[in-house]
There are 2 protein chains.
Amino acid sequence: MSHTVGARQAQKQQSRRALLDAGLRLLADQNLASLGVREVTREAGLSPAAFYRHFPDLAALGVALVEESLASLHVMIRSVLAEAGGAEELIDRAVDVIERHVREHRAHVRFLARERHGGVRRVREAIDAELGRFAAEVGEALALQPVSRGWSEQDLRMLAELYVDHMVSTASALLEAQESDPARERRIAATARLQLRLISLGRRHWQAS
Amino acid sequence: MSHTVGARQAQKQQSRRALLDAGLRLLADQNLASLGVREVTREAGLSPAAFYRHFPDLAALGVALVEESLASLHVMIRSVLAEAGGAEELIDRAVDVIERHVREHRAHVRFLARERHGGVRRVREAIDAELGRFAAEVGEALALQPVSRGWSEQDLRMLAELYVDHMVSTASALLEAQESDPARERRIAATARLQLRLISLGRRHWQAS
DNA sequence: AATCTCGGCAAACACTTGTTTACTGAATGG
DNA sequence: CCATTCAGTAAACAAGTGTTTGCCGAGATT
């Protein structure tokens with residue numbers, strides 16, 4: 001009758017969260033490949049054996065973190081694409097959203113940047129499968145914009161990938177900037193805006209060349 | 001009288017090379033942070049203690065690898081910038097050179113991609129200090145091109161960074177493509193060319209907007 | 001109320017780890 | 001040719017590792 005899932009399951013979820021959080025915390029200055037089961041359980045306040053009640057592997061924990069991290073990223077992307085408007089406002093809004101996202105999900109973003117080319121194959125694959133899906137989504141959104149009239153499927157895809165790659169680069173750069181120099185952060189954001197403006201300029205003259 | 005540096009030093013250099021090569025080999029599917037001294041020396045055919053005759057740290061070995069990797073990258077960049085020509089030929093040449101570079105220095109490129117956001121601070125810093133220097137160098141080269149007449153310092157810098165980031169993204173993508181799908185490699189190269197063309201288009205209309 | 005499920009624990013397994021030690025023996029230099 | 005330098009070694013150190021085992025005791029189920 002209650003909408004809760006049972007105290008049993010709730011406690012299990014709590015432990016699972018503790019493990020994920022502990023992992024995320026430790027991965028702030030470490031690689032997934034160099035993480036240890038004992039290390040994680042110690043940080044989470046559980047016994048080593050408890051880990052195996054939740055994940056078979058550390059790689060599995062990594063994949064779970066990928067899903068989490070990309071869920072929030074997904075929300076972010078949609079919120080940028082949803083609002084229509086002139087190119088300039090869209091650019092400003094996109095950069096603002098990225099900036100805020102990095103600030104509010106620092107751990108997740110760092111995790112993605114670090115493990116995207118990291119040493120654990122399954123995690124790597126999970127990440128760029130999902131980034132590919134992002135590009136597809138961005139591509140569909142671009143297709144709806146009037147500027148894209150007459151663009152081929154391939155052209156749209158390459159533009160979408162350019163945007164996604166640019167977003168990733170910018171996020172990575174912001175990550176390191178935000179925790180040291182606050183002025184550096186503004187400089188990076190400004191650069192990103194200029195770059196997006198240049199791309200948008202190229203876009204307007206595509207095929208008209 | 002002989003131009004050799006002495007059998008003594010030569011043997012030491014040989015061991016050092018063995019360590020670097022062993023490290024590079026192991027880092028093909030591992031992170032620097034998860035690498036072990038014993039692991040490296042075992043792979044190199046030396047005793048564990050021998051390692052400390054060459055490096056104080058594994059991080060130091062990492063930094064040495066960064067220097068190696070970026071030396072070859074540096075040569076590559078110069079070879080792209082040296083040849084003048086129309087925008088189209090320049091783009092084709094740039095992509096070709098990147099493609100070849102990734103094929104011929106797979107281990108180095110993978111190392112850079114992996115450790116750029118990896119878990120070892122000193123290595124991370126070494127890498128992006130050097131990438132910053134690249135951007136500066138590219139910026140200077142761009143300034144000499146006629147298309148850049150009237151561009152501010154800041155604009156040149158942001159364009160250079162856009163190019164460098166794009167190069168890094170492309171190289172990373174090629175890395176994974178080359179060792180699986182050969183058709184995928186061509187698709188990535190084609191996409192990169194399109195993206196560079198779009199950027200170059202934006203460049204021509206900058207400030208003329 | 002009795003039974004079952006199952007998340008968590010402590011302990012034990014057999015290794016692997018980084019680093020220091022005292023040493024050996026070949027190239028070096030006077 | 002004798003003394004020195006020094007790259008490389010084997011052995012030992014304490015400390016950490018992943019994973020399995022049997023067990024407990026609190027929810028869940030009947």
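So that the names make sense, note that chain A is the first sequence line, chain B the second, and so on, each numbered from 1.
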Can you tell me how far P of dT9(D) sits from CD of Gln11(B), to the nearest Å? 12 Å
Does Arg42(A) place a side-chain N or O at less than 4.0 Å from the phosphate oxygens OP1/OP2 of dT17(D)? yes
What class does the angle between the rings of Phe51(B) and Phe55(B) fall in, given that below 30° is parallel, 30 to 60° is tilted and above 60° is perpendicular? tilted
Could you give the NE2-to-C1' distance, from His54(B) to dG8(D), as a whole number of Å? 8 Å
Sequence neighbours excluded, which residues qualify as salt bridge (Lys or Arg N to Asp or Glu O under 4.0 Å) partners of Arg133(B)? Glu130(B)
Identify, residue by residue, the members of residues 22-33 of chain A with a heavy atom below 4.0 Å from DNA chain D, and return them in order of residue number, or none. none
Test side-chain contact (heavy atoms from CB on, under 4.5 Å) on Leu174(A) and Val109(A); report intermediate values, then the result. CA-CA 10 Å; Leu174(A) 282 174; Val109(A) 174; over 6 Å; no
What pairs of donor and acceptor atoms, side-chain ones from residues 40-50 of chain A against any protein atom, are under 3.5 angstrom apart with sequence neighbours left out?
unit_1: Thr41(A); atom_1: OG1; unit_2: Val37(A); atom_2: O; d: 3.2
unit_1: Thr41(A); atom_1: OG1; unit_2: Arg38(A); atom_2: O; d: 3.0
unit_1: Glu43(A); atom_1: OE2; unit_2: Arg25(A); atom_2: NH1; d: 2.6

Residues at least two apart in sequence or cross-chain that pass salt bridge (Lys or Arg N to Asp or Glu O under 4.0 Å) with Glu140(A), listed by chain then number, are none
Atom pair distance, as rounded to whole Å: CG in Leu19(B) and P in dA7(D): 13 Å
Which is more 5' along DNA chain D, the nucleotide nearest Arg38(B) or the one nearest Arg16(B)? Just name the residue. Arg16(B)
Interatomic distance, Phe51(A) CZ vs dG18(D) P [rounded to whole Å]: 9 Å
When you match Leu35(B) and Ala50(A) each to their closest nucleotide on DNA chain C, which lands nearer the 5' end? Ala50(A)
Only pairs at least two apart or in different chains count here, so list each salt bridge (Lys or Arg N to Asp or Glu O under 4.0 Å) that has a residue in residues 158-169 of chain B. Arg187(A)-Glu161(B), Arg157(B)-Glu161(B)
Side-chain N or O of Tyr52(A) closer than 4.0 Å to phosphate OP1/OP2 of dT20(D): no
Whole angstrom is fine here: how far is it from CZ in Arg53(A) over to C1' in dG22(D)? 11 Å
Nucleotide range of DNA chain C contacted by chain A, 5' to 3', under 4.0 Å to a heavy atom? dT5(C) to dA12(C)
Applying side chain to side chain contact (heavy atoms under 4.5 Å, CB included) to Ala173(A) and not counting sequence neighbours gives Ile188(A)
Specify the residue among Val37(B) and Arg8(B) whose closest nucleotide of DNA chain C lies further upstream toward the 5′ end. Val37(B)
Mind calculating the distance between CG (Asp57(A)) and C1' (dG18(D)) to the nearest angstrom? 11 Å
Can you list everything that forms a salt bridge (Lys or Arg N to Asp or Glu O under 4.0 Å) with Asp21(B)? Sequence neighbours excluded, please. Arg17(B)
Using the salt bridge (Lys or Arg N to Asp or Glu O under 4.0 Å) criterion, which residues pair with Arg106(A)? Sequence neighbours excluded. none
Sequence neighbours excluded - salt bridge (Lys or Arg N to Asp or Glu O under 4.0 Å) pairs with any residue from residues 193-202 of chain A: Glu88(A)-Arg197(A)
Stems of at least 3 consecutive Watson-Crick or G-U wobble pairs (donor-acceptor distances under 3.5 Å) involving DNA chain C, listed by first number, are C:1-12 with D:19-30, C:14-17 with D:14-17, C:19-30 with D:1-12
Salt bridge (Lys or Arg N to Asp or Glu O under 4.0 Å) pairs touching residues 111-123 of chain A, sequence neighbours excluded, are Asp57(A)-Arg122(A), Arg121(A)-Glu125(A)
